[in-house]
Number of protein chains: 2
Amino acid sequence: MEYQEAKEKFISTWGSLGTMWGINKAMAMIQALLFVSTKPLSMEDIMEELQISRGNTSMNLRQLMDWGIVTKEIIPGERKEFFTTEKDVQELARQIAKERSRREIQPVIKVLKEVSSIKDDKTEKTKELIKQTKALHELTENADKMLNKLINQDQNWLTKSLFKLIK
Amino acid sequence: MEYQEAKEKFISTWGSLGTMWGINKAMAMIQALLFVSTKPLSMEDIMEELQISRGNTSMNLRQLMDWGIVTKEIIPGERKEFFTTEKDVQELARQIAKERSRREIQPVIKVLKEVSSIKDDKTEKTKELIKQTKALHELTENADKMLNKLINQDQNWLTKSLFKLIK
DNA sequence: TTAAACTTTCAATAATTATTGAAAATTTAT
DNA sequence: ATAAATTTTCAATAATTATTGAAAGTTTAA
């Protein structure tokens, strides 16, 4: 497999993985492209390489910046804006975990807490609803605590922890 | 908040969480409904309660069975088929982790391995592609190993491990 | 200030994914 | 074997989500 083929395979695989986990394809592909690029890329570069429109590129770059995994680079003497992504996989994982926790998991935990706290009228179905949502609440909260631990720890915590678990 | 409201809130929240993580809404809602039901439900019951069509219900029940988290129940004297979901959250988490690993993560690991093994022609861009996909390969493999550990361990391993990590 | 270079926005459109509903298939009871 | 009950399939349709492209907006250089 040659460089170009390998690169394309990586980018498109990353794109479809994104799709499976609720992340839009263009967004995942832009991140993948930047991830293996040796230098910052302009919007033109990205449009060209991925064959996507200016608007699409602009919107998805913005989203990636909102997620905190892509940053604008100012290149002296250049009028265009250039972009880079976090190159360190650990930091990347931390950032994604942080955002998914904040945007998606926390709101669900809130609802699970509410639902599992309804008044127990002693009917079987109410007891079941409370019991099951409580169990889910606990599991979700534990998983989320783990993510947050991951987010706030030093650089190598993730690898060390994973190693501890699998050893 | 009354029972019915709480139940609906739980089901629709679970549905939208599913969507965010690439799982279709009806599938997540059916699972949620069964999860808090006190008894097995028929297709009619599910269609009625979630206001979805017969075809949709049938297809999504099948998918949930493929995922191994919903099973058919035979109820003596009844002609219809009835369905239940795994009620234990730990087991549920294990099952989902197992399937997502098998269907989604393993194929990506395979591609990352291929891409990171291309011949190093000593150019900067090839070296970067190899380095970055190798790093991602390692991280993904570790995370997947953790998932598989989770899958194959005893019932309480998940809780214990999470506790160890966050304590 | 002006205008060229560049980026953002957003309504229109396309692509994808989910859902319906009715016909076909299957199962069960007699 | 027959037919009623039930489930599955799948082409058509609807709903959702992603993408385009051009107009509006912004920045920069002279």
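Below, chains carry the letters A, B, ... as their sequence lines are ordered, and counting in each starts from 1.
For B:Lys87 (side chain) and B:Phe35 (main-chain N/O), a donor-acceptor pair under 3.5 Å exists by modelled atom type. The backbone N or O of A:Leu33 lies less than 3.5 Å from no partner atom in the side chain of A:Glu49, so there is not a single donor-acceptor pair.
In this structure, B:Met27 atom CE and C:dA18 atom C1' are separated by 13 Å, rounded to whole Å. At whole-Å resolution of the value, CE in B:Met59 and C1' in C:dT20 are 10 Å apart. Taking atom CE on A:Met43 and atom P on D:dT20, their separation rounds to 12 Å, with Å as the unit.
Residue A:Asn24 places none of its side-chain N or O atoms closer than 4.0 Å to OP1 or OP2 of C:dT16. Close to C:dT19, at under 4.0 Å from its OP1 or OP2, lies no side-chain N or O of B:Ser53. The side chain of B:Ser58 contributes no N or O atom lying less than 4.0 Å from OP1 or OP2 of D:dT7. Side-chain N/O atoms of A:Arg62 include none lying less than 4.0 angstrom from OP1 or OP2 on C:dT7.
Between C:dT7, C:dT19, D:dT19, one nucleotide has an atom nearer to the side chain of B:Lys25 than all others, and that is C:dT19. For B:Arg54, the side-chain atoms get nearest to D:dT7 when compared with the rest of D:dA18, D:dT7, C:dC10.
Residue-level contact check: B:Asn56 touches the bases, meaning some heavy atom is under 4.0 Å from a base atom. Nucleic acid contact for A:Glu44: none, since no nucleic acid atom lies under 4.0 Å from a heavy atom of the residue.
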Collect all protein-nucleotide pairs involving nucleotides 28-30 of chain C in which both atoms are nitrogen or oxygen and the distance is under 3.5 Å.
| unit_1 | atom_1 | unit_2 | atom_2 | d |
| --- | --- | --- | --- | --- |
| C:dT28 | O2 | B:Arg79 | NH2 | 3.1 |

- Task: Any chance you could lay out the side-chain contact (heavy atoms from CB on, under 4.5 Å) test for B:Met43 and B:Ser58, step after step, and finish with the verdict?
- Result: CA-CA 7 Å; B:Met43 248 176 61; B:Ser58 171; 4.2 Å; yes
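Between B:Lys110 and B:Glu114 there is a salt bridge, since a side-chain N of the basic residue sits under 4.0 Å from a carboxylate O of the acidic one.
Side-chain N/O atoms of B:Ser16 and B:Thr19 include no donor and acceptor closer than 3.5 Å.
When every heavy atom of B:Leu34 is checked against every heavy atom of B:Phe83, the shortest pair comes out as CD2-O, 3.4 Å.
Both tests do not hold together for B:Arg100 against B:Trp67: distance to the six-membered ring centre under 6.0 Å, angle to the ring axis within 45°.
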